[in-house]
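Contents: one structure, followed by commentary.
Residue indices begin at 1 and follow the sequence shown.
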Amino acid sequence: MRPWRRGLASVSALAALSAPATAQAGPDPVNQPLVDGCQRNPAGLLTFMSPEWVFVNGQAAGDPVHQIQGSATLVHTADEDLPEGHNSYDMDFDVAPDAPYTGLLAGDPSANGGKGNGNFARDQDFAKLHVEWESGSVPTFVWPAEHDRIALWGQWIWDCGHWGQGIQTPTSQQDFQGSLQNTGDYFLPGQIEGPPPPTLRGEQTELHPMQALVVTRAASWSSPQAATETDAFISSDGTHAYAEEQCASGRASAAGPGQPGAPSPIPGLATYGPDFAACVNNTANDLQPIAGRSYSFHIPAPPRPSADAQLTLREQQMVTGSGFTEQVASAGDGVDVTVTANPPADGSPHAFGQRYYVGWAHPSGSSAGVAPAHLRLTVKSITVNNALAEPNPVHPTAAGPPGVGRYNLYLNANGYWNFMGGRAPEPDTSWAPGLGFVHDGQSFDVNQTVDLFVPAGAPVRLDVSGRECDLPRMDPCAATAELADANDHPGEAVASFASADAALGDHTLLSPNHDPPQSNPGADPSTVPPDYQVAYSIRRVVGPSGGPTGTPNPEGLCAASPPGSTGVGSSSPGGKLGGSSSVLGCAAGAGGAGCAGRPPASRIFRGQLSRRRRLHLRGTARPGRCGRITQVRVAVARVVRGRCRFVNRRGRMRRTTGCAHPQFLRARGRSRWSLSLRGRFPRGRYVAFSQAIDGQGRVELRRLRGNRARFRVP
């Protein structure tokens with residue numbers, strides 16, 4: 001369920017949004033959701049009798065997985081979610097879509113007398129596509145920041161939990177009673193009870209859950225060299241949301257995926273029977289089928305600093321796992337990547353996670369371009385002025401121990417995310433565990449540092465946000481003893497600086513005051529302290545990269561801080577995402593200081609063994625000055641009229657493609673390697689390419705005479 005966000009824009013600001021000149025070509029948000037399985041039944045959403053999400057065109061055949069590209073905005077962890085359908089709070093953001101993808105949006109900006117409907121209702125989501133994935137399934141290394149470029153694949157669905165006009169308030173959602181006027185019961189997520197009004201907003205389309213998320217950073221926080229950073233994450237973990245979509249479409253059953261007896265609505269009633277509840281709570285139905293799918297994306301290089309500069313690629317593994325293969329090739333202005341998924345069919349979720357740095361190097365191998373500024377952010381203390389504890393005069397329906405607030409706060413520093421606390425009363429190793437059991441006026445010494453880099457000309461943006469836990473069951477609020485119709489919202493505190501130099505110094509970040517203030521509804525907001533405040537400093541680091549928070553790895557130090565915690569054990573560093581997939585912190589090949597020497601190089605020996613049923617190639621690889629070779633890949637193709645048919649691991653010919661994007665297979669060995677293939681190889685001309693990767697994650701991109709060999713099969 002997508003929550004209603006903090007900090008809604010004012011009505012005047014919403015009116016200033018420019019609408020497309022004509023209605024979009026997407027689906028109708030008022031009528032089509034009902035055809036596809038939404039039931040607008042609030043009680044059913046709370047009892048597993050009505051679906052919270054359904055596929056768009058879900059009753060028809062076809063693939064519900066769609067791709068979108070655009071820019072990220074409104075990035076935050078959910079203020080609240082519906083406990084029935086979540087194990088952990090969502091990581092939420094919107095995608096402002098590129099023109100080719102606007103057909104994924106539902107609605108018409110001119111509907112309802114210009115108020116719009118669907119994805120074109122005039123709120124913060126206007127002309128955007130909302131996306132979400134439970135935070136317990138997605139590590140922080142791939143969580144986006146504002147204005148990052150996004151490419152993602154996910155289930156195209158209707159959000160059945162929101163069909164009303166939404167909560168209409170120009171404040172930050174703190175006036176709960178005022179927000180509820182004429183919008184229905186806040187806890188029942190549709191916001192409309194009884195007969196729908198003639199100006200019904202209707203449901204919005206989303207991509208939810210995501211299946212693959214690729215984030216190209218507007219400014220890399222982790223690279224000590226001038227480079228474009230792209231983070232990629234793929235997972236078969238569809239969470240409970242995918243189970244609901246499957247079961248509502250009739251593609252799954254209580255017996256298991258693909259089994260007969262799929263649940264269906266009760267005739268004449270806007271509800272499903274108990275077989276639907278059994279189906280959606282069968283965890284086998286949470287798994288998304290990703291086997292055989294390929295995800296391709298382009299990583300643009302920064303501007304070329306000189307005519308003799310050579311394209312470089314470094315990789316950092318962020319998630320361990322099996323069943324994923326990766327292809328990379330230079331593309332002139334950047335690097336093309338394709339990841340193909342074939343995870344083990346063991347009934348567990350499996351994931352792939354990789355970080356890529358694309359930049360330029362001088363012929364000597366040293367990095368080219370203006371080096372980023374190396375900063376050290378120190379979070380000194382967090383003070384909670386208003387614990388938002390019960391009894392809360394602004395939120396009278398919340399019940400819990402009097403005087404005690406349960407804060408969750410997250411830090412986002414230019415895309416570096418970390419859960420600051422707290423999970424009380426559970427063991428909590430976060431920066432400020434006491435936030436999970438806090439009283440008015442309580443302060444916590446933090447004194448934790450984050451090393452980050454700021455590219456030349458890039459701004460610095462700090463964002464602290466979170467929730468005060470009143471809803472039960474969901475991580476990282478799972479242990480809360482409180483019960484309410486919603487969480488309290490301490491608000492989002494943002495500090496922006498135009499440059500690294502402008503960010504230097506000692507600062508205090510204040511959460512926004514609310515109108516009316518939660519601590520005193522009758523007071524003037526200017527006289528009431530903010531709910532919380534964060535004291536911090538930013539200093540410039542002079543000297544070799546590698547700050548105190550860097551963790552040793554076999555090739556040196558992490559130049560920036562390791563990725564932070566999500567607040568949920570499964571997706572935090574060291575956590576198990578399922579199957580063979582685990583989250584890494586500072587892994588080998590991390591974006592450390594890099595090497596001053598040339599990138600790795602490989603060579604294919606001439607005079608290969610080539611027969612109709614067997615190909616055997618061998619060669620060598622050298623790492624330059626980067627320690628050791630960790631992997632060699634080899635691609636073999638039959639050349640037909642200047643085009644290539646690459647050979648797969650089973651010795652079979654793939655479809656004809658261009659020769660510029662080799663489809664590599666992993667060779668045996670490292671500094672001395674070999675590749676043997678058995679199959680049926682037609683007579684003709686063949687070509688082979690080799691590609692080496694060293695201990696710093698640097699990938700051989702250049703096509704030279706040594707790493708390319710031509711031969712014939714007689």
Side-chain angles (χ1 to χ4, degrees), residues 69 71 98 145 147-151 214-232 296-316 326-338 354-374 414-415 452-459 499-500 545 559-560 589-602 623-626 658-662 664 689 691-694 696-708:
Q69 295 184 29
S71 59
D98 295 344
H147 311 304
D148 285 347
R149 288 290 302 169
I150 299 296
V214 178
V215 179
T216 297
R217 303 290 175 180
S220 172
W221 69 270
S222 64
S223 177
Q225 289 113 19
T228 299
E229 175 190 335
T230 293
D231 301 326
S296 297
F297 51 94
H298 178 72
I299 306 173
R304 191 170 190 168
S306 62
D308 63 349
Q310 300 167 359
L311 193 68
T312 64
L313 170 65
R314 289 183 294 129
E315 298 186 8
Q316 178 183 354
E326 173 201 64
Q327 308 289 344
V328 299
S330 59
D333 63 340
V335 172
D336 290 334
V337 180
T338 297
Q354 198 86 334
R355 173 166 284 170
Y356 303 88
Y357 301 98
V358 174
W360 300 95
H362 298 297
S364 65
S366 61
S367 177
V370 179
H374 186 179
N414 269 24
L452 68 155
F453 295 90
V454 181
S499 65
S545 298
C595 296
R598 292 185 175 88
S602 61
R625 296 174 59 186
C626 291
C659 298
H661 287 72
F664 290 100
F689 304 97
Q691 183 180 73
I693 303 174
D694 68 20
Q696 283 283 332
R698 299 193 309 169
V699 180
E700 180 183 18
L701 290 178
R702 299 187 71 193
R703 293 281 165 260
L704 303 172
R705 184 175 180 181
N707 61 16
R708 180 182 66 228

Query raised in the report: Under 3.5 Å, side chain of Thr228 to main-chain N/O of Pro300, donor-acceptor pair present?
Result: yes
Query - Distance, nearest 0.5 Å, that separates CZ of Arg355 from CZ of Arg217 - result: 6.5 Å
**Report entry** For Val699 against Pro600, the heavy-atom pair lying closest together
**Finding:** C-CG, 4.4 Å
Report task. For the pair Thr216 and Asp148, evaluate side-chain contact (heavy atoms from CB on, under 4.5 Å) and give the outcome as yes or no after the intermediate values. Result -> CA-CA 6 Å; Thr216 297; Asp148 285 347; over 6 Å; no
Query raised in the report: What's the shortest heavy-atom distance between Asn414 and Ala145, and which atoms?
Result: C-CB, 4.4 Å
Query raised in the report: Heavy atoms, side chains only, cut-off 4.5 Å: are Ser330 and Leu311 in contact?
Result: yes
Report task. Using the side-chain contact (heavy atoms from CB on, under 4.5 Å) rule, take Gln691 and Arg703 through it: C-alpha gap first, then chi angles, then the decisive distance, then the call. Result -> CA-CA 9 Å; Gln691 183 180 73; Arg703 293 281 165 260; 4.1 Å; yes
Report task. Give the C-alpha distance, both sets of side-chain angles, the deciding distance and a yes or no for side-chain contact (heavy atoms from CB on, under 4.5 Å) between Arg314 and Ser223. Result -> CA-CA 10 Å; Arg314 289 183 294 129; Ser223 177; 3.3 Å; yes
Report task. For a side-chain contact (heavy atoms from CB on, under 4.5 Å) with Val328, tell me which candidate from Thr338, Ile299, Val335 qualifies. Result -> Val335
Query - Atom of Pro623, atom of Arg698 and distance for their closest heavy-atom approach - result: O-NH2, 4.0 Å
Requested in this report: Check for a donor-acceptor pair, side chain of Thr312 on one end and backbone N or O of Gly359 on the other, with a separation under 3.5 Å.
Outcome: yes
Report summary line: Closest heavy-atom pair, Pro224 versus Ala371, reported as atoms and distance to 0.1 Å, is O-CB, 4.4 Å
**Report entry** Donor-acceptor pair, side chain of Asn707 and main chain of Arg702, under 3.5 angstrom
**Finding:** yes
Query raised in the report: Which heavy atom in Ala329 sits nearest to a heavy atom in Ala660, and how many Å separate them?
Result: CB-O, 3.9 Å
**Report entry** Distance under 6.0 Å and angle within 45° of ring axis: Arg708 vs Phe689
**Finding:** no
Query raised in the report: Would you call Arg149 and Asp98 a salt bridge, using N to O less than 4.0 angstrom?
Result: yes
Query raised in the report: Distance from Glu326 atom CD to Ile693 atom CD1, nearest 0.5 Å?
Result: 6.5 Å
Query raised in the report: Without hydrogens or angle criteria, can the side chains of Asp336 and His661 be said to hold a donor-acceptor pair below 3.5 Å?
Result: yes
**Report entry** Given Asp333, Val214, Thr230, the one that forms side-chain contact (heavy atoms from CB on, under 4.5 Å) with His298
**Finding:** Asp333
Report task. Applying side-chain contact (heavy atoms from CB on, under 4.5 Å), run through Tyr357 and Glu315 and close with a yes or a no. Result -> CA-CA 6 Å; Tyr357 301 98; Glu315 298 186 8; over 6 Å; no
Query - Exam field: side chain Trp360 to backbone Pro302, donor-acceptor pair closer than 3.5 Å - result: yes
Query raised in the report: Under 3.5 Å, is there a donor-acceptor pair linking the side chains of Glu229 and Ser220?
Result: yes
Query - Distance (rounded to the nearest 0.5 Å) between His374 NE2 and Phe453 CZ - result: 4.0 Å
Query raised in the report: So, for Ala226 and Ala368, which heavy atoms are closest and what is the spacing to 0.1 Å?
Result: CB-O, 4.0 Å
Requested in this report: State the CH2-CG distance between Trp221 and Leu452, to the nearest 0.5 angstrom.
Outcome: 7.5 Å
Query raised in the report: Do Ser602 and Glu700 have a side chain donor and acceptor closer than 3.5 Å?
Result: yes
